[in-house]
Amino acid sequence: MKKTVHITYITTMTIIVLVVTLYLFYTGYTYYGTPLEERFYHPRHNWFKPSGIYGQGLGIIGTFMILFGVVIYIARKRYNFLAKQIRLKYLLEFHIFLCTLGPILVLFHTAFKFGGIVSVAFWSMVAVVLSGVIGRFIYNQIPRTIEGRELSMNELQHLKTDMAVVLHQRFNLESNTIDIVTDLMSEENTIDNRKKLGYLKKVLSRKDLPKKDRNTILQMVKKEIVLSNKIGRLQMMQKLFKYWHVAHMPFALIMLIIVVIHVAVTLAFGYKWIF
C-alpha cells in the first residue's frame, strides 16, 4: 500500500468514527440528556431504549463489529489467514477501527445507563479500548522489515558490523581513533547521539582522510547507532508487550463472557430485534 493510499485509508476510518459518533449524539441527544426516571415519558423512548429497534440494533451491530475485528485479526496473526492479501499492519489498523467504532455503538445501545453486570462489561470494554491504544503505540515502536514483519533480536544483531575491523582494514585508521569510535558507540556511553557524531566529525577532520571517507565513516556510525537504538527498543518493547497482554487479554475475555451471558439472557426473556 502506497503512502498516499495508506493515509487515505487511515483518514477514511477516522472520519467514519467521528461522523457516526456525532450523528448518534445529534439524533438522540434529547433522549440521552433526559434523566433516567423521566425517559419513559420521552416521545421516542421505545425507539432509543436498549430493547428498542434502534437501541438494540446499535448493540447488535456494535457487538458484531467487535467480534469480527477480533476474530479476523487473530486469524491473520496466528494462522496467517489472508497473509498474502494484506499486511498485518493494515489489518491491525482495521481491527482498531472496528474495535473503536463497535464499542461506541454499544455505548449508545446502553443509552448511557449502566448497572449490574452491564457496568462490568462496559468498563471492561473501556479497559480493552484504552489498552488497545497503548498496545498500538507499543507495536509502532517495534523494529520491522519493509514488509511489516517484526525483526528478531538475532536479525538485528546480524545487521551490526565489527566497526573496529572495518575501520582498520578499509580506512587504515590508527588504533587510538578506532578506540574513540568504538567508545562513542558503546552502550555505556550516555552522550547524546548528535553530540557523538559532532565530536566524531571533529576527530576525523584532524586526520589525513579524504572528505569522502570521512562522510562514509560518519554514515556507517549513524547506521550502527540506529541499529543499537533498535535493539534497545526491541528489548524494552518485548518486555512491555508481556505486561500489556496481562491487561488487554483478561479484560477482553471478561467482556466477551459477559456479552455472551447478556445475549443469552436477552434471548431467554424473548427479546427479538427485526427477526
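Only a predicted model underlies this, so the values are computations on that prediction, with no experimental measurement involved.
Ile61 has its side chain within reach of Met65: a pair of non-hydrogen atoms, C-beta onward, lies under 4.5 Å apart. The shortest distance between side-chain heavy atoms of Val17 and Ile104 falls below 4.5 Å. Contact of the Ile66 side chain with the Val106 side chain is registered, since non-hydrogen atoms from C-beta on lie closer than 4.5 Å. Taking 4.5 Å as the limit, every side-chain heavy atom of His109 sits out of range of all side-chain heavy atoms of Leu105. Under the 4.5 Å side-chain criterion, counting only non-hydrogen atoms from C-beta, Leu107 is not in contact with Leu58. Counting only heavy atoms from C-beta outward, the side chains of Lys49 and His42 never approach each other to under 4.5 Å. The shortest distance between side-chain heavy atoms of Leu98 and His95 does not fall below 4.5 Å.
Distance check, rounded to the nearest 0.5 Å: CG of Leu101 to CE of Met13 gives 11.0 Å. In this structure, the separation between OG1 on Thr100 and CD1 on Ile16 is 12.0 Å, given to the nearest 0.5 Å. The structure places CZ of Arg44 at 12.5 Å from OG1 of Thr34, a figure rounded to the nearest 0.5 Å. Here the OG1 atom belonging to Thr12 is positioned 11.5 Å from the CD1 atom belonging to Ile7, to the nearest 0.5 angstrom. Taking OG1 from Thr110 and CZ from Phe108, the interatomic distance works out to 9.0 Å, rounded to the nearest 0.5 Å.
Within the hydrophobic cluster formed by Ile, Leu, Val, Met, Phe, Trp and Tyr side chains joined at under 4.5 Å, directly or through other members, Ile15 is accompanied by Val19. Here Tyr41 sits in one hydrophobic cluster together with Phe40; the rule is ILVMFWY side chains under 4.5 Å apart, joined directly or through other members.
Of the possible donor and acceptor atoms, one in the side chain of Tyr9 sits under 3.5 Å from a partner among the backbone N and O of Tyr90. Proximity of a side-chain donor or acceptor of Thr63 to a complementary backbone N or O of Ile60 within less than 3.5 Å is not detected.
Applying the side chain to side chain donor-acceptor pair (under 3.5 Å) rule to Ser51 yields no partners; only residues at least two apart in sequence or on another chain are considered.
Residue Phe64 qualifies as open at atom CZ: its count of foreign heavy atoms under 6.0 Å is 12 or below.
Remark: aromatic rings of Tyr32 and Phe25 are distant, center separation not under 6.0 Å.
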Q: Apply the test side chain to side chain contact (heavy atoms under 4.5 Å, CB included) to residues Ile53 and Asn46: give CA-CA distance (whole Å), side-chain angles for both, the deciding distance (0.1 Å), then the verdict.
A: CA-CA 8 Å; Ile53 294 178; Asn46 290 330; over 6 Å; no

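Taking the ring centre of Tyr31 as origin, the terminal cationic atom of Arg39 falls inside the region bounded by 6.0 Å and 45° from the ring axis.
Results of the ring-ring contact (aromatic ring centres under 6.0 Å, His included) test with Phe48 over Tyr54, Phe112, Tyr29 single out Tyr54 as the only residue that passes.
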